4 protein chains.
Amino acid sequence: MAIRSIGIISKPKRDRLEEVVPPLIDWLAKRNIKALIDHETADTLGSASHAAAVIDRSQLAPKCDLLLVLGGDGTLLAAARHVQNCNIPIFAVNLGSLGFLTAITISELYPSLELVLEGKHQVECRKMLQIDVMRAGAVAATYHALNDAVLNKAAIARILDFQLFIDGQFVNFLKADGLIVSTPTGSTAYSLAAGGPIVYPTVDAFVLTPICPHTLTNRPLVVPDRSRIEIVLKSESESVFLTVDGQVGLGFHSEDRVICSLSPYRTSLVHPPHKEFFGVLRSKLKWGER
Amino acid sequence: MAIRSIGIISKPKRDRLEEVVPPLIDWLAKRNIKALIDHETADTLGSASHAAAVIDRSQLAPKCDLLLVLGGDGTLLAAARHVQNCNIPIFAVNLGSLGFLTAITISELYPSLELVLEGKHQVECRKMLQIDVMRAGAVAATYHALNDAVLNKAAIARILDFQLFIDGQFVNFLKADGLIVSTPTGSTAYSLAAGGPIVYPTVDAFVLTPICPHTLTNRPLVVPDRSRIEIVLKSESESVFLTVDGQVGLGFHSEDRVICSLSPYRTSLVHPPHKEFFGVLRSKLKWGER
Amino acid sequence: MAIRSIGIISKPKRDRLEEVVPPLIDWLAKRNIKALIDHETADTLGSASHAAAVIDRSQLAPKCDLLLVLGGDGTLLAAARHVQNCNIPIFAVNLGSLGFLTAITISELYPSLELVLEGKHQVECRKMLQIDVMRAGAVAATYHALNDAVLNKAAIARILDFQLFIDGQFVNFLKADGLIVSTPTGSTAYSLAAGGPIVYPTVDAFVLTPICPHTLTNRPLVVPDRSRIEIVLKSESESVFLTVDGQVGLGFHSEDRVICSLSPYRTSLVHPPHKEFFGVLRSKLKWGER
Amino acid sequence: MAIRSIGIISKPKRDRLEEVVPPLIDWLAKRNIKALIDHETADTLGSASHAAAVIDRSQLAPKCDLLLVLGGDGTLLAAARHVQNCNIPIFAVNLGSLGFLTAITISELYPSLELVLEGKHQVECRKMLQIDVMRAGAVAATYHALNDAVLNKAAIARILDFQLFIDGQFVNFLKADGLIVSTPTGSTAYSLAAGGPIVYPTVDAFVLTPICPHTLTNRPLVVPDRSRIEIVLKSESESVFLTVDGQVGLGFHSEDRVICSLSPYRTSLVHPPHKEFFGVLRSKLKWGER
């Protein structure tokens, strides 16, 4: 399918944005491709963005054939939230250092984009995590995550008590600073810093990684992604927060429940040409190649 | 299907064997079930075993409807090697402390066995790992593991150098004491001691856990069990060994390759009634239940 | 020196307090020992405490020969703050489960106290950590910790950036959820949960344990306790907090500095008879004794 | 004290040795400094070494004012064994990649050596570990280590059982692949790969790091270096080995005891100018400097 319109979402206030976006809009225009930008990008660019249509970020996805994200992994996660129920692929270009999800550098932008326009690219379909927050027996909120859902304590709060169930089976009482439920995609993000394993993107599993568990035998747990993961907060403290993909915050109360399961949504990522998963790992984790 | 004959494999020299096996043979005889024992058990029991047929361990499986293993996880792994190409279920009873795979205690033997004879039990089908050792371009040996394959160095050897590939993609050069390739079943065995995650038995994945990696960013890696894992030994040292399920040893040379993939075999385990996976974890890992 | 007055500090609202404290006051009175209690304990006991003098917790220490703490490790840490510049020994009895610092159980209270009154006990002198918070070139606050000082981020904040110096030498830029500076005494508390080593109480060292470090090669660091540890917050976020012994909170700003060094204060702990350090470790960490 | 003779110990078979050593001998001769080389170096150099006196490595130290080591950390450890009861400083130059102990690169050889000859250098005195092996009540062997003593199992052996005592106090029964007793100097070597902390060289402590412990709550333990560490092997297996600084091997039997304590020997290292401990850590562990 030919690409006729490209939405651009960028990390606002990035210094390099002014150098990068206006020439990109011109480059696309020469190829008869319409550029649509969000208000944040438009504000950053000022008058330089006049050639592009400005649309609210939440309305952008249905009007585009491809979403071009300029920024780091955080920008990509924010963008993914806005296209999660569409099916358009995301092409991510890192304006700074290499990211796990944003492995194309700015110098590779045009050659890579050329390949995409010619259809010479692959799209990876990444599974997502659905998070339902239950309060007093009702669904209080629902989220979809590409990376992870994190329940953790405020800086000054005491250790948290969780009760964990998988498919209705009691797993354990967990005393910890927090708990991460991660997709394979998110396994190289916060879960890795907390001691979790690296999970290849196509493994059909979620990872539950405790944060600073009080019981030293609590280890990361890998479960099938068809599991229903239920986390019940038993602490009385009110200083507990849920964050989804590092971006959404929700205060949490005792006896609130988080149900994690496979989301019906998927995120489609344009696979960066010549950037295999393990190659990105080697660069990011500084694995010597001998 | 009615059970008419039960093979018994036990850990030889176990003190309690003489107390346990002869009454068990009688108990089975009263129910018209034939007991078959291996030579090792017969030798341990002496004349006390006269009521049972004695058969070579390797011939036992085709003649039985159920295999009863008396011993710890090691005994079960040894028994599993002898039934790997049959399809008979293994019912494991631990004569000592609780094992991850042998969660039925001796006091639960008869009530549990009663349930099994009445067909009131579930059988779990555990996936296995196939290990092909390639030397000078040819397959030098093939093994099947329920738990894991381990490549590690001799006590006095220097650190090893491995080259790792997944589905033909280069992963990294690994400098470590060794490398464990584990099934989900084996994730609670050696891999856990080396820092690997706990993987629920039905996750379709293998875990690659480095042993004391020199590069601190080398972490356990979870890959789909449909992957072809290729490990090439680059060290010149000849003090490298392959062990499969902790029981088989093979010397290893530079440029030898180990190919790990999903085995066509499965191990059928009688699921111990009232012993869920997480309950066994809680007991074994001493997770407080509050 | 004969003990003539004992101060009692307890965890308020503990159910068992009413059962324990009044008989204890009587028991002491019979031995001509004066009991002094803090307002919190008096409030919990109500009229049952009439036999004891009630004194403000901050005034308690100079009037006592011994401080008896009833509660867990948290209660002991709180009490220690009130006696840090005195020199009176603390005798800690755990009303609940065993603590690392409160290894005497309620059933051992009277036999142990008898030994103490007879002078048949040892007092351990534990070193403390001094924490000076520098803001805009001036000391904004000073604390003394028996266990640890923790700098960490709020639940919803982004990862923190620290700059670390030891004795003026630059160590590294640390990207992490937080950083723990621990005494040997605190090494079995939060630092252990974050992956730190167990440090024997008499080692002359502090431990710096990063919390979920982004760079996987950042490991716990043990430095001499004569070191001057300087931590500079480089994050712009204002959601950073300092906690001292889990109990004091202070908001933190970019370019604030924390200087950690050996405190001139010591905490004197009555060594529980028959409770060696490693015995407590074996109980708390459930190390099998075979 | 003026330096009049320099002993040279090198890693035999190093390609670069022929380029480096003969010009170095000439350079020293011009400054009236006598070069002494060991037989291994002489054999590698052949006729190119004629200007230097050739002496047995074990006799080298008493005849020199400085020992120059050309090679990696392994070469330095081997050299240190031969000078452990002398008091001459070691100046180590790395012919390959940077080592923790050999932080001077070949391009820095002459400028650094110039500083040393002018006396403009510091010598660091590193504490060592004494290892006494007790068999049947008698001392069977005594070693001195700059880095570590390691007890570990052969590749195909089962898990080991150790009994550990500190200053006569029972610590625990350890089930593990092995156990490392490390000096602070050795904390960045094998102990780090096994999960141990980084210990600043002047901390008066030893680190006990279990290798792949079966009990997940067994953590690295830091004890004062005035401790008497006693390890008793309880396994019946004969496939257990002691290695000291990675270089000496001794077979081990059940009930053999290893006593570790502070050695009366020290190793004197010429501190590489402009190479602080943390700078070397940053390079070796690839800590980003931002």
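Small disclaimer: the values here were computed from a predicted structure and weren't measured. Throughout, protein chains are lettered first and strands after them, A, B, ... in sequence-line order, and every chain is numbered starting at 1.
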Response to the item:
Residues of residues 192-203 of chain A with a heavy atom under 4.5 Å from any heavy atom of chain B, in residue-number order, are L192(A), G195(A), G196(A), P197(A), I198(A), V199(A), Y200(A), T202(A), V203(A)
Fill in: Heavy-atom contacts under 4.5 Å, residues 207-225 of chain A to chain B
T215(A), T217(A), N218(A), R219(A), P220(A), L221(A), V222(A), V223(A), P224(A)
Fill in: E118(A) atom CD: more than 12 heavy-atom contacts under 6.0 Å
yes
Practice prompt. May I ask you to name which of V171(B), D204(B), L174(B) has the most heavy-atom pairs under 4.5 Å with chain A?
Written response: V171(B)
Discussion item. Quick check on the interface: out of R226(B), Q163(B), K286(B), who has the most heavy-atom pairs with chain A under 4.5 Å?
Written reply: R226(B)
Discussion item. Going by the rule side chain to side chain donor-acceptor pair (under 3.5 Å), which residues pair with D177(B) if we only count those two or more places apart in sequence or in a different chain?
Written reply: Y190(D)
Item to complete: Mind checking salt bridge (charged side-chain N to carboxylate O under 4.0 Å, His left out) for E276(A) and listing every partner two or more places apart, or none if nothing turns up?
Response: none
Worksheet item: Would you say the side-chain atoms of R282(A) pair up with the backbone N or O of F173(B), donor to acceptor, closer than 3.5 Å?
Response: no
Worksheet item: With a 4.5 Å heavy-atom cut-off, do I166(A) and F278(B) have their side chains touching?
Response: yes
